[in-house]
Every structure is written in C-alpha cells, then in structure tokens.
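A short write-up of the structure that comes next.
Basis for what follows: all heavy atoms, side chains included, without hydrogens, waters or symmetry-related copies. Labels below follow one simple rule: chain letters A, B, ... track the order of the sequence lines, proteins then strands, and each chain is numbered from 1.
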Amino acid sequence: MAEVETFTHDVLVIGAGGAGLRAAIEAAARGARVGMVTKSLLGKAHTVMAEGGVAAALANVDDRDNWRVHFADTMRGGQYLNNWRMAELHAREAPDRVRELEAWGAVFDRTADGRILQRNFGGHRYPRLAHVGDRTGLEMIRTLQDHAIHRGIDVHMEVTIVTLLTDGRRVTGAFAYDRERGRFKLFEARAVVLATGGVGRAFSVTSNSWEYTGDGLALAYRAGAALQDMEFVQFHPTGMVWPPSVKGLLVTEGVRGEGGVLRNSEGRRFMFDDIPENYRSQTADNPDEGWRYVQGDKSARRPPELLTRDHVARCIMREVRAGRGSPHGGVYLDIAWIKEKIPNAADHIKKKLPSMYHQFKQLADIDITKEAMEIGPTTHYMMGGIRVDGDTQMTTVDGLFAAGECAAGLHGANRLGGNSLSDLLVFGKRAGEHAAAFAAQHQPARIDPAAVEAASGTALAPFGRSGGEQPYQVQHELQGMMQQLVGIVRREDDLRDALDRLGALRERSEAVSVPGNREYNPGWHTALDLPNLLTVSEAIARAALERRESRGGHFRDDYPEKDPAAAGYNILVSRGADGTMQLTRQPVPPVPVELQQIIEEQKS
Amino acid sequence: MTTATFRIWRGEHNAGAFADFDANVVDGMVVLDVVHQIQAEQAGDLACRWNCKAGKCGSCSAEINGKPRLMCMTRLSDLDLARPVTIEPMRAFPHIRDLVTDVSWNYGVKQRITPFTPRAPDAPDGTWRMQQRDVDRVQEFRKCIECFLCQDVCHVLRDHQRHDTFIGPRFLVYAAALEMHPLDTADRIEELREADGIGYCNITKCCTTVCPEGITITDNAIIPLKERVVDRYYDPLAALVRLVRGSPRAE
C-alpha cells in the first residue's frame, strides 16, 4: 500500500473560506474534534475578494427592512426556483450571524448613531449590506480565521482532497495530498463538510482564483451525491476588461450602490431602456430619482443600475453586440460623475471604494474619481451546486454536508449581491452544527484500503506518462471552449458541440504528463484539477441543454423567453449506474401559504 | 510585443540558482502574468503561490529586482526591461521550492497573541455602539492582507533571525488593531514588551515602505504601542505615582 499519513477527526471540513471556517467553528463549539483542509494558506480563500458587503436585514439604515422583505427579494431574484426553506432560514438568521461577527472582533462601517452601516445593492429593496468600505470579505475571513485559531481546530494548509471515501452509502473519510511535499494523507471522519466554493476557472473570463475548479461538486458527484441547478452560472456584470492581464477581475457592485452609472459609447445611460415588468414599480424612471435613492431619500425608487445581476449583464451584452461598446469590448461604469452632485466627491469615492480606487490606479492607470471605468460581464458565482437539505445542509450521501457556494438552493436562478457572504455564515454554521450532531450519533466507518490504493495510483499516474501534453494546455482550451459555447449566451448547437469537445478534452486530460517531482508542483496540481473541471463543465452544459428557456443566469438565444412550464422544476444531475451523467427534472416543492403571502405582499 | 529576460530563482530548500527565461511581454502585463506564462510554456513545475491576482489575498509575495513586492501588483511597464528582471522568494523565511517559502511561523505567532476580548454589549439587544471616527483607526490596520512582505524586509527577522523573540511588524500591527479596538478589554502591554519583543524594532520604517496596502505601520501602529510600553514600564514619574498608590503594575 502507498505510504499514507492518517488523521482522525469527528468532522472534516474541506475548504477554509467563509463557509468552511464558520462550519469548523460551529462543529468545534459543539464538542467535535475538527479538522479543516485548505488548498491554500489560511485566510487566502476567495472570500477575501468579496467586496460590497454582507446582506442582513438589520434595519439599521431603513427601518422598513425586515427578514420578510429580504426573503421576498431573494425569492424574486432567484425567479422562485430557490429552496424556499433555505431562503427563509437565510433571511431570518443573517442578522444574528452578522452581529456575532462583531462580537468576534469585526469592525464594520458605522451609522451616525454608532450602529452597523448598510448600503444599497442590486435586487435588495432597502439598503441592507453591512460592509467595510469595499473590503468586506477580507474583514469577514480575517475575523473568522482569527476566531477559529483559538478553537482547537486542526488546520491542514495547502492540502488537496483527491477523493472522498464512502462505504457505498455513508461518507467515511477523504484521501488527499499535501502540496508542499507531495505526500498522501488519509482523513478518517464520521462526517465531512464540503465548503469548496465555485467553478469559475472553467471559463476564461472569470473573477475567480486558481482554486475555483469545482472540486467539491465533482467529489460529491463521484461519491454519489446529486447536483442541482448547474445551468445557473452567474456572470457578474462588472469585471475589468482592460488591461488583458486583469480581464475578468471584479469591480464591486458597491460602485453602483454608491451612485455609479452605466453608459455606452454614445454616452447614453442605457439601463433606463429596459426595466423588467416585475421590477418596474420599484425602479426609478429618471436619473434624478435614482440619485435621490442612493442618497437615502426614502420616497425615491432604486436606479436601474441596481436591478439584478443577470439583467444588468444582459443589458451590457446587448449594448456591446449592437456596436455601442467601449474600445476593449465592454461599456463604461462612471462614479466620477457624482462630482456634479456633491462637494469633495474624489475624497468621498476614495473613502467608500478604496480598493477599487487602488485597483484601477495600480493596474489600469485609471483614476476612478476622474474617469469612467471600462467594464464587462465576468464569470463570478455558481448558483447551482450540491443538492442539500434546507435545514441540515446534508447532501444525498449520509454524513456528507455542503455549505456556501458549493451548495445549491438558496439563490435559485440568480443570486443577489451580498447574499453569498450571508449564505456562508448562515449555512456554514448550520452545516457545522449538523455535521457535529451526525458525528456524535455515528461510529467511525471502516475505510476500504483498496479504495485508498486506487486513489493514490490515479493521483500519481501523470508522472508515469511521458510525451503527453502539459495540463495547462488542456485547461486553457477548456476555458476558452466553455466561455465561447457555454457562456453568457447559449444555443443548442453550441451546447452539443461543447459536449463533443468535452469528450475529446477528457481523453487528452487522461494522457497529460507532468515534469519534475512531487514537491510543490503546480503542473501536477493542474493535472489533478482537470477531472473536476471537466465533470462540472459537463454538468453545466447538459443542464443548459435541458433547460430550453431563458431564466436568471441562464440565457438561451434560441429560447429567449421564460417558459412558464419550466418555472416549476430544478434540474438534478447524478451519476448513473453505468457511470454516465443522468438528468432529472425535480419539481420545486410548493412554498407554504404564509411564505407565499409574504411574497405577494412584497410584490407591490 | 517585446522580449524580456526574467531571472527566476529555482531550486529546493536553499539549494538553488537563478535561471534565465526569455518571454514575450505585451502592454498591461504584471510580473505574475510572466511567471504563469513561463510556467505554462517553459517550466511546468515552476512553483509559486497566488490566489486572487488583485492585490487582495497577499499570496504572491516575492522579491522583484531585490524589492519585496506582490507579483500581481507589479506592472512590467514600471520595470526596466532592458535588463534581466530578477524574481526571488522572500528571504526571511525558510525556502521550500522556487518562489515558495515556509511562512507557517507567522501563523503560530498570531495564535500566541491574546485574542479579542470585547466589553459587555452597550445595548439590551446585545449590540455595541461605535463611532466611525473611532473605528477608522483600527480599520487601517485591518486592511492587512497578510502578504508578510513587512516581515520579509524587517532586519530583525531578515538579518538577525530573531523569530523566537520578535513577532515582526505584521503582528505588531495585529496587536495594535486589538489594543486600539474600541470594544477590546484585554491588556497586551506586558506581552508586547516581553514575548513580542517590541523593543527590537528601531523604527527604520522599511516595513511601511513595502506595505502594498499603504498601512502606516511604524507611525500609526508600532510607535503608539512603544509609547504605551514606555508609559507603563519606563516613565519615572508614573512609576513614582504607582509606588505611592501601590499599583500592582509597578515593577
């Protein structure tokens, strides 16, 4: 048998972003012996990139806000394909989770009377995002990290899970390798929490870091869990489009929340041109009203720049395709214009959006207090993911839990900005709590040595091959193909083409070879990421083919309208007995009467 | 497009040497782009850390032309490409491979510092009231992305290897963020003087110079902490007052 170091934990948390940290803290608080595995160093997870804020109906800025409004906003944003129970729990529990962070040392921006300040964001009816300038994610992950290090959690840094181990029904542990030495590690665990984030690296234009290769989704799928809503990939409307080296890098929605406007090459503020019917009554119909809204005038309605992300991204694509785009293929986002409205606008912008000022100044040599930014849509977030129970976050595999971006359900067809940071707090906690409870109720299960042996053989295979291409090349082609054929605008023939090409890429991925040895070898790591990327890409393409309509983050050029019949189901993806991907339409459970009433009340 | 030479440190556990790579560079590229390009086309196993590529995670720290910097925030247009650009790992930490160093010591240091200890909530609903002007001060310190470039450039760590007796600028900033936190009630002055070795800092301000977040490390964090230590332990007038009043803090 391969040389393997073994660790035993009650709860193994895979991923150390916001959701993983919060799950680990909770499981430890409930007495579990917790291990946490992270592909990178602690505190580097993609949560640091979240800028705008964390959504929670604290009602500190607008006392009309409460969990009911937040629930209704989330359901409407998700086109009612959300798991209603998750949307309810999320809206009810987010305020407590935010206040808890303050008790652990987080320092949010303040209102005049000293409470946590909240800002406007797309799709949220009232200013709801607790924030720290535009570095909210950093504040959150640092607070969670600093709190967690005193909780007796065993942190395994720069360790990558290769496969989950099961006894056929229940999870028994995980097999991994450590990046620094290239050695194998075996984790025995009574319960496992997946908190591995998203899959943005399947696309060429993305705000996501190298780690976002869909590991958790692929691990869960191979272990027998169902995936859900895989067609719903969020393309954030505002990524940098220039210089080329930063293409895709996020420009926070906070820019629009602070009054930034979108203009095409003709200088036209085009977002007023197309306001969806179900948002019309809550959206301003002239620039003056929009400005008054972002200044806190409660009698004014939201500017159209603060419509949901899916809609804004499509409006931008429309302008670009109509030949009204910017020189580098985007449109203009202008915050500098507010100098017409307020004195000291430059200082105000630097105070409210310090990271954006810094980012554009340093990387594009643009002063955003003086010039407009060039921006365009970028792959940002996965609404779909591992199917979980709304209360416990347990997947369809016993003892296997999922939370944060890798879990599906809360966001439905489109996520509202700020709901990801509250998602990871609310459901990270719940996953940790229920994983600890599961671990307390179950004895450790036996790990099959043959499965460990097979996993180590598969992991080392790229070293045994010679003459194959570099894994980077396969990854690069996959990203370009997905961007082009399974990106923001999709068509049946493209999607079928994509599935053919995925087959060819899979064959190539199985023949890649890597140079060097096992120690800190990024080529080897990339080779091991490929199967995960390919699995998740296939699930996205198949689900996109199956949903013959346009809804939320999923836009079909050949079916540009919403299909009322498609409003009632989620698409599940699971592995069939023959190893192929099986798709099923799962009816969305009916929303209970009292929650349905809340939705109706908030429609006006 | 132009061709430039990049002189990258390669090797394992300090046994290494520079290797030259010629790469085509285009307008707008940063050093991390070049490293990735060389990785993809010339040296598939070239080891480096990175995550966000936006100056927010602090993973891609290195020494570029001898200066500690983030590779993702160093534009090639700011470097002289007529000469080879040197890219080396941080030198204050044990070397692992190529551009990657073992920074785990930093994680142990943080764990030792007395954690955040809030006062009782101000309001019956369990929340606190703080004014923006009071949180501004610690928000500067909380911008830290833990790139450890300040640790790398600090001569106490880099040249004198005082890792066992000095926590370095990053963790003095961390301690300052806790000490100046409007809600915190813990007292870290004794540990700052003893275990944290604040006296080793002689204010050369190298840390402030290299901070990619522009945190005024020396003036805003370290000097005020030094003043607190001095006030407690070395102020003769205060010592006299304590002697008369019988303060338990007198030495």
Side-chain angles (χ1 to χ4, degrees), chain A residues 40-46 48-49 99 102-105 107-110 112-117 132-133 135 137-139 142 146-147 149-150 155 157 180 209-211 242-246 249-250 354-355 358-359 362-364 470-473 476 514-517 519-524, chain B residues 12 26-30 32-33 39-41 43-59 73 75 96-98 100 102-104 107 110-111 115-116 118 121-122 126-132 134-135 138-139 142-146 174 177-178 181-184 213-214:
Chain A
S40 289
L41 297 172
L42 193 57
K44 307 300 184 190
H46 208 53
V48 300
M49 289 294 285
R99 287 191 279 260
E102 184 153 282
W104 294 349
V107 187
F108 291 101
D109 285 348
R110 316 309 296 182
D113 66 349
R115 295 182 297 165
I116 294 173
L117 182 61
V132 188
R135 54 162 193 88
L138 174 67
E139 183 71 17
R142 199 65 80 230
D146 294 352
H147 190 72
I149 59 173
H150 300 289
V155 182
M157 290 202 280
E180 192 175 310
S209 85
W210 67 269
E211 300 179 287
W242 195 90
S245 69
V246 296
L249 194 57
L250 194 65
S355 300
H358 189 65
Q359 182 173 315
Q362 198 148 354
L363 294 172
Q470 293 273 316
Y472 304 106
Q473 186 58 33
H476 186 73
V514 295
N517 60 33
E519 290 197 13
Y520 219 106
N521 188 333
W524 183 31
Chain B
E12 291 163 22
V26 295
D27 200 20
M29 279 174 85
V30 294
L32 187 60
D33 293 320
Q39 207 176 47
E41 295 170 2
D45 61 343
L46 172 60
C48 76
R49 281 198 184 99
W50 71 283
N51 290 82
C52 77
K53 205 175 177 292
K56 294 189 174 72
C57 76
S59 294
M73 297 302 275
R75 285 195 295 176
I96 294 177
R97 185 152 186 269
D98 300 341
V100 177
D102 178 1
V103 292
S104 57
Y107 292 88
K110 184 188 266 184
Q111 210 164 10
F116 177 66
D122 301 329
T127 61
W128 288 272
R129 299 291 176 267
M130 290 184 270
Q131 291 304 309
Q132 185 66 42
D134 296 324
V135 304
V138 296
Q139 281 186 340
R142 295 184 65 89
K143 286 195 304 190
C144 171
I145 57 176
E146 300 198 333
Y174 180 70
L178 292 166
H181 194 303
L183 305 185
D184 184 72
E213 283 295 304

Looking at [options], which one has more heavy-atom pairs under 4.5 Å with chain A than the rest?
{"options": "B:His181, B:Glu146, B:Arg97", "result": "B:Glu146"}
{"options": "B:Leu32, B:Ile145, B:Asp184, B:Asp102", "result": "B:Ile145"}
{"options": "B:Val26, B:Val135, B:Val103", "result": "B:Val135"}
{"options": "B:Val100, B:Asp98, B:Thr127", "result": "B:Val100"}

Heavy-atom contact with chain A under 4.5 Å, split by part of [X]:
{"X": "B:Asn51", "value": "both"}
{"X": "B:Leu46", "value": "backbone"}
{"X": "B:Asp134", "value": "neither"}
{"X": "B:Val30", "value": "both"}

Set of ring pair (Phe, Tyr, Trp, His ring centres under 6.0 Å) partners for B:Trp128, sequence neighbours left out: none
Nearest heavy atoms of [X] and [Y], plus distance in Å:
{"X": "B:Phe116", "Y": "A:Trp104", "result": "CD2-C, 3.4 Å"}
{"X": "B:Ala47", "Y": "A:Tyr520", "result": "CB-O, 3.3 Å"}
{"X": "A:Pro522", "Y": "B:Gly44", "result": "CG-O, 4.0 Å"}
{"X": "A:Ala112", "Y": "B:Gln131", "result": "O-OE1, 3.3 Å"}
{"X": "B:Cys52", "Y": "A:Met49", "result": "CB-SD, 3.4 Å"}

Enclosure of A:His150 NE2 (heavy-atom neighbours >12, cutoff 6.0 Å): yes
Qualifying residues under salt bridge (Lys or Arg N to Asp or Glu O under 4.0 Å), relative to A:Asp146, sequence neighbours excluded: B:Lys110
How long is the span from the [atom1] atom in [X] to the [atom2] atom in [Y], to the nearest 0.5 Å?
{"X": "B:Leu183", "Y": "A:Glu102", "atom1": "CG", "atom2": "CD", "answer": "6.0 Å"}
{"X": "B:Cys57", "Y": "A:Glu211", "atom1": "SG", "atom2": "CD", "answer": "8.5 Å"}
{"X": "A:Arg115", "Y": "B:Asp122", "atom1": "CZ", "atom2": "CG", "answer": "12.5 Å"}
{"X": "B:Arg49", "Y": "A:Trp210", "atom1": "CZ", "atom2": "CH2", "answer": "10.0 Å"}
{"X": "B:Glu41", "Y": "A:Gln470", "atom1": "CD", "atom2": "CD", "answer": "10.0 Å"}
{"X": "A:Leu41", "Y": "B:Tyr107", "atom1": "CG", "atom2": "OH", "answer": "4.0 Å"}

Does the [X] side chain pair with the main chain of [Y], one donor and one acceptor, at a distance under 3.5 Å?
{"X": "A:Glu180", "Y": "B:Ile96", "result": "no"}
{"X": "B:Lys53", "Y": "A:Ser245", "result": "yes"}
{"X": "A:Arg99", "Y": "B:Gly126", "result": "no"}
{"X": "A:Gln359", "Y": "B:Ala54", "result": "no"}

Test item: B:Glu12 and A:Asn517 side chains (from C-beta on) under 4.5 Å apart, heavy atoms: yes
Tell me, side chain or backbone of [X] under 4.5 Å from chain B's heavy atoms, or both, or neither?
{"X": "A:Trp524", "answer": "neither"}
{"X": "A:Val107", "answer": "both"}
{"X": "A:Ala45", "answer": "neither"}
{"X": "A:Leu138", "answer": "side chain"}
{"X": "A:Leu42", "answer": "both"}
{"X": "A:Leu249", "answer": "side chain"}

Between [options], which has the largest tally of heavy atom pairs under 4.5 Å with chain B?
{"options": "A:Gly523, A:Gly105, A:Gly516", "value": "A:Gly105"}
{"options": "A:Val514, A:Leu117, A:Asn521", "value": "A:Asn521"}
{"options": "A:Pro354, A:Pro243, A:Ser209", "value": "A:Ser209"}
{"options": "A:His358, A:Gln473, A:Met157", "value": "A:Met157"}

Identified side-chain hydrogen bond (donor to acceptor under 3.5 Å, both in side chains) counterpart of A:Glu139 within the set B:Gln139, B:Lys143, B:Arg142: B:Arg142
